[in-house]
Asks: 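Have a look at the structure that comes next, please.
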Amino acid sequence: LDGVRSMLGSMSAAAGAMGRDPRLWMLGLVQAFFEGSMFGWVSQWVPALMHLKQDDDKLPIGIIFACLMLCISTGANLFAAAQSRGASVRTLMTLTLLLSFASMLLPFLVPYPPSFTLVLAAFCGFEAACGAFMPGMGVLRAEIIPASMQSTIMTAYRLPLNAVVVLVTQLGKTGVS
């Protein structure tokens, strides 16, 4: 019974803090939408590239995956290098979110069907943004979320994230994505 009271007390305190400081719920929404799009993208990148493949050769998924992982590392390293040179985390996160948005929008701005190379380049840009997003979000969470409520607020952030993932997954099943 004491454990339940303690949990309810923590949840109440976190909800109160989120009500008083809009930065807390805005941070959660940014995390939910970014990570939700990332999780959705993870399930769709192979089918998207296979759809654009013009010849009968097999798609070199392993090589493409390695390139994408390199892009994540590059994004994280570029973030760290810019931050060490004095760039603000908020500025870097704004640029990161713009890169991710532009990368996912680019294939839709060209005549259909977009080229395989263009889509792969856009995916690489998105992965670089993912690499920069993780350390940037970590810094923002450390700055904005009170340490005493961090685990409770981070758990609350999972609710909208899971809703976005379910929505993206369902859209992918119906062919809307």
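Residue numbers start at 1 and run along the sequence shown. Computed over heavy atoms, backbone and side chain alike; hydrogens, waters and symmetry mates excluded.
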Asks: Is there a path of hydrophobic side-chain contacts, each under 4.5 Å between heavy atoms of I/L/V/M/F/W/Y residues, joining M26 to V164?
Replies: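 V164 and M26: one cluster.
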Asks: When clusters are formed by joining ILVMFWY residues with side-chain heavy atoms under 4.5 Å apart, either directly or through shared neighbours, do V46 and L49 land in the same one?
Replies: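 In one cluster: yes.
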Asks: Counting only heavy atoms not in I63, do more than 12 sit closer than 6.0 Å to its CD1 atom?
Replies: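 Count not over threshold, so no.
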Asks: Let me confirm one number: the CG-SG distance from L120 to C67, rounded to the nearest 0.5 Å.
Replies: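 Between atom CG of L120 and atom SG of C67 there are 7.0 Å.
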Asks: If we only count heavy atoms from C-beta on, is the L24 to P146 side-chain gap below 4.5 Å?
Replies: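 L24 vs P146: side chains touch.
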Asks: Quick one, F133 and M38 - any side-chain contact, counting heavy atoms below 4.5 Å?
Replies: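 SC-SC contact between F133 and M38 ruled out.
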Asks: Start with the C-alpha distance between F126 and C71, add both sets of side-chain angles, then the distance that settles side-chain contact (heavy atoms from CB on, under 4.5 Å), and finish with yes or no.
Replies: CA-CA 9 Å; F126 182 70; C71 290; over 6 Å; no
Asks: Is there a path of hydrophobic side-chain contacts, each under 4.5 Å between heavy atoms of I, L, V, M, F, W or Y residues, that connects L99 with L118?
Replies: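 No, because L99 and L118 fall into different hydrophobic clusters, even though each may have its own neighbours under 4.5 Å.
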Asks: Could you check if a side-chain atom of L52 sits within less than 4.5 angstrom of a side-chain atom of S115, using non-hydrogen atoms only?
Replies: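 Counting from C-beta outward, L52 and S115 never come under 4.5 Å.
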Asks: Rounded to the nearest 0.5 Å, what's the gap from CZ on F39 to CG on N162? Could you check?
Replies: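 So the CZ of F39 and the CG of N162 are separated by 8.5 Å.
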Asks: I need the full list of salt bridge (Lys or Arg N to Asp or Glu O under 4.0 Å) pairs touching residues 135-147, with sequence neighbours left out, sorted by first then second residue.
Replies: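 Counting only pairs at least two positions apart or across chains, the salt bridge (Lys or Arg N to Asp or Glu O under 4.0 Å) contacts touching residues 135-147 are R90-E143.
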Asks: S43: which residues meet the side-chain hydrogen bond (donor to acceptor under 3.5 Å, both in side chains) condition with it, sequence neighbours left out?
Replies: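 Residues passing side-chain hydrogen bond (donor to acceptor under 3.5 Å, both in side chains) with S43: none at all.
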Asks: Can you say whether the rings of H51 and Y112 are parallel (under 30°), tilted (30 to 60°) or perpendicular (over 60°)?
Replies: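 Tilted, since the angle between the ring planes falls between 30° and 60°.
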Asks: Quick check for you: to the nearest 0.5 Å, what is the distance between Q31 atom CD and M154 atom CE?
Replies: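 The CD atom of Q31 sits 4.5 Å away from the CE atom of M154.
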Asks: Check whether any side-chain heavy atom of L68 sits under 4.5 Å from a side-chain heavy atom of C124, and report yes or no.
Replies: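 Yes, at least one pair of side-chain atoms sits under 4.5 Å.
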Asks: Are V119 and L59 linked, directly or through intermediate hydrophobic residues, by side-chain heavy-atom contacts shorter than 4.5 Å (ILVMFWY only)?
Replies: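 Yes.
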Asks: Membership question, hydrophobic clusters at under 4.5 Å side-chain separation (ILVMFWY): are F34 and V42 in the same one?
Replies: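 Hydrophobic grouping puts V42 with F34.
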Asks: First locate atom CZ of F33, then atom CG of L161, and finally report the distance between them rounded to the nearest 0.5 Å.
Replies: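 Those atoms lie 10.5 Å apart.
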Asks: Partners of Q150 by side-chain hydrogen bond (donor to acceptor under 3.5 Å, both in side chains), sequence neighbours excluded?
Replies: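 side-chain hydrogen bond (donor to acceptor under 3.5 Å, both in side chains) list for Q150, sorted by chain: empty.
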Asks: If we only count heavy atoms from C-beta on, is the M137 to V30 side-chain gap below 4.5 Å?
Replies: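 The answer is yes, as the side chains (C-beta and beyond) meet within the 4.5 Å cut-off.
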Asks: Can you check whether W45 reaches I61 side chain to side chain, under 4.5 Å on heavy atoms?
Replies: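 SC-SC contact between W45 and I61 confirmed.
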Asks: Should F79 and V89 count as side-chain neighbours, where that means a heavy-atom distance under 4.5 Å?
Replies: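 When only atoms from C-beta onward are counted, V89 and F79 do touch, with a gap below 4.5 Å.
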Asks: Are the aromatic ring centres of W41 and F123 under 6.0 angstrom apart?
Replies: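 Yes; F123 has its ring centre under 6.0 Å from that of W41.
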Asks: With rounding to the nearest 0.5 angstrom, report the CG to CG distance, L98 to L105.
Replies: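 Nearest 0.5 Å value for the CG-CG distance: 11.5 Å.
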Asks: Quick one: pull up CG in L97 and CG in L92 and give me the separation to the nearest 0.5 Å.
Replies: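 Nearest 0.5 Å value for the CG-CG distance: 11.0 Å.
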Asks: Evaluate the side-chain proximity of Q83 to V139: yes if any heavy-atom separation is below 4.5 Å, no if none is.
Replies: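 Yes, their side chains come closer than 4.5 Å.
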